[in-house]
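Counting starts at 1 for both ligands and their atoms, following the listed order. FYI, side chains are in, hydrogens and waters are out, and symmetry mates aren't considered; it's all heavy atoms of this structure.
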Amino acid sequence: MKTSTRLRIAIQKNGRLNSDSMDLLFHCGLKIRATQKALYCHAENLPIDILFVRDDDIPTLVMDGVCDLGIVGENVLLEQALEHKENGSKKEFDTIKKLGFSRCRLSIAMPNDKTFTDANTLQNCRIATSYPNLLRDYLKRHHVKAEVMTIAGSVEVAPRLDMADAICDLVSTGATLEENNLKEVDTVIHSQAVLIKTKNTLTPEKTETLELLIRRIEGVLKAQESKYIMFHAPKSSLASIKSILPGCETPTIMFLEGVDDKVAVHVVSSEGVFWSTLEKLKQAGASSILVLPIEKMLS
Ligand code: ATP
Ligand code: ZN
């Protein structure tokens with residue numbers, strides 16, 4: 001098959017985005033041979049190729065049309081978009097879908113013993129970051145003049161070495177900040193992994209594969225959020241039970257052999273099902289409550 005008929009996706013080779021990006025593609029049905037750690041690999045069952053690269057290279061590969069699609073963090077995308085804007089270069093891509101994984105935030109952090117009231121606290125401070133454009137944008141929005149110190153990695157050690165008064169770095173659990181006696185004081189942006197697409201026109205074959213892939217991704221994301229709930233309930237409390245269940249389609253009601261006043265209820269919930277919901281169901285008379293994960297969904 002000619003290369004131009006195969007959809008090319010860039011994903012991170014190693015790091016925090018890699019396994020969730022691969023999992024998503026596996027759940028979409030892509031079969032990839034075990035020599036997966038090659039730089040480039042072909043799906044065996046779909047006209048899709050995967051290019052494994054550093055996450056920072058993904059936006060450019062997609063904007064230049066070398067790859068048709070890419071999976072990358074919004075933090076990297078927004079930082080590079082601001083950089084291109086600054087340079088006056090017109091580089092563009094389409095954001096197709098937020099993927100819900102690799103959630104983190106770009107935050108301002110300061111040593112625990114310093115007081116932060118608002119962004120003004122940062123006036124004339126030295127702030128270390130690997131995201132100079134997003135930080136400058138934050139400072140500009142808050143009318144703060146501060147020195148932006150760009151460093152490639154280990155930003156969190158800068159205050160301890162007295163290289164900086166504050167940092168602007170990615171945070172997910174906050175454990176790294178804590179280990180370095182730093183506290184998170186403000187959020188610059190929230191981020192998660194997104195699927196991006198080139199602005200170039202795709203061939204009809206690629207468009208068809210893209211549409212199939214997007215449908216499957218939507219199915220995977222929907223299935224991840226949804227749960228299949230089964231329980232027994234008194235017929236008399238069905239109305240109150242329906243009002244307890246969040247985001248549920250019409251329940252399926254089945255009769256129970258030899259029992260007149262109770263029915264079995266099966267329902268798909270498109271929202272997370274919490275213990276509190278199950279407790280409310282029980283209070284309303286439900287019993288034998290089971291909550292099951294859903295593997296695939298297609299509506
Ligand atoms: P590469 O070698 O590909 O350049 P990297 O070191 O830049 O890798 P990782 O640390 O693997 O990148 O992070 C990749 C992405 O994961 C980040 O850009 C961000 O979108 C996301 N992420 C989620 N949580 C965190 C976190 N706590 N710290 C850093 N990145 C995070
Ligand atoms: Zn990177």
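- Per-residue contacts place Gly73 under 4.0 angstrom from the following atoms of ligand 1 (heavy atoms of the residue considered): 20 (O).
- Considering backbone and side-chain N/O of Ser172, one or more are found under 3.5 Å from N/O of ligand 1.
- Listed by first then second residue, pairs satisfying salt bridge (charged side-chain N to carboxylate O under 4.0 Å, His left out) with a partner in residues 173-193 read Arg105-Glu184, not counting sequence neighbours.
- Donor-acceptor pairing under 3.5 Å is lacking for the side chains of His232 and Ser287.
- Contacts between Val76 and ligand 1 below 4.0 angstrom, taking non-hydrogen atoms only, involve the side chain exclusively.
- Of all protein N/O/S atoms, those lying under 2.8 Å from the Zn ion (ligand 2) come to 2.
- Residue contact check: Gly15 has heavy atoms under 4.0 Å from atoms 11 (O) of ligand 1.
- Atom 30 (N) of ligand 1 has as its closest protein heavy atom Leu170 CD1, 3.3 Å.
- For ligand 1, the polar-atom distance check against Ser191 finds no nitrogen or oxygen pair separated by under 3.5 Å.
- With sequence neighbours left out, the side chain to side chain donor-acceptor pair (under 3.5 Å) criterion links Asn75 to Tyr131, Ser191.
- At a threshold of 4.5 Å between non-hydrogen side-chain atoms, the residues Lys114 and Thr121 do not count as touching.
- Counting only heavy atoms, the protein never gets under 4.0 Å from atom 6 (O) of ligand 1.
- The distance from ligand 1 to the heavy atoms of Asp56 drops below 4.0 Å at these ligand atoms: 4 (O), 7 (O).
- Of the candidates Leu106, Asp20, Asp55, Thr176, the one placing a heavy atom closest to atom 1 (P) of ligand 1 is Asp55.
- Proximity of Arg54 to ligand 1, defined as any heavy-atom pair under 4.0 Å, is shared by backbone and side chain alike.
- Side-chain atoms of Asp118 come within 3.5 Å of backbone N or O of Asn120 as a donor-acceptor pair.
- For residues 140-179, the ring pair (Phe, Tyr, Trp, His ring centres under 6.0 Å) pairs, not counting sequence neighbours, are Tyr138-His142.
- A salt bridge (charged side-chain N to carboxylate O under 4.0 Å, His left out) with Asp68 holds for exactly one of Lys199, Arg8, Lys206; it is Lys206.
- Using a 4.0 Å cut-off between charged side-chain N and carboxylate O, Lys97 and Glu218 make a salt bridge.
- Contact annotation for Cys104 and ligand 1: only side-chain heavy atoms (C-beta onward) come within less than 4.0 Å of the ligand.
- Here the side chain of Gln192 pairs no donor or acceptor atom with the backbone of Cys104 at under 3.5 angstrom.
- Across Ile108 and Cys168, no two heavy atoms sit closer than the pair CD1-CB, 4.1 Å.
- In this structure, atom 9 (P) of ligand 1 lies nearest to the protein heavy atom Gln12 NE2, 3.9 Å.
- By the 4.0 Å N-to-carboxylate-O rule, Asp137 lies too far from Lys85 to be salt-bridged with it.
- Of the protein's non-hydrogen atoms, the one nearest atom 16 (O) of ligand 1 is Arg16 CB, 3.5 Å.
- Taken to the nearest 0.5 Å, the CG atom of Leu82 stands 11.0 Å off from the CG atom of Leu77.
- With a 4.0 Å heavy-atom cut-off, ligand 1 is reached by the side chain of Asn75 but not by its N, CA, C or O.
- Using a 4.0 Å cut-off between a side-chain N of Lys or Arg and a carboxylate O of Asp or Glu, Asp49 and Arg6 qualify as a salt bridge.
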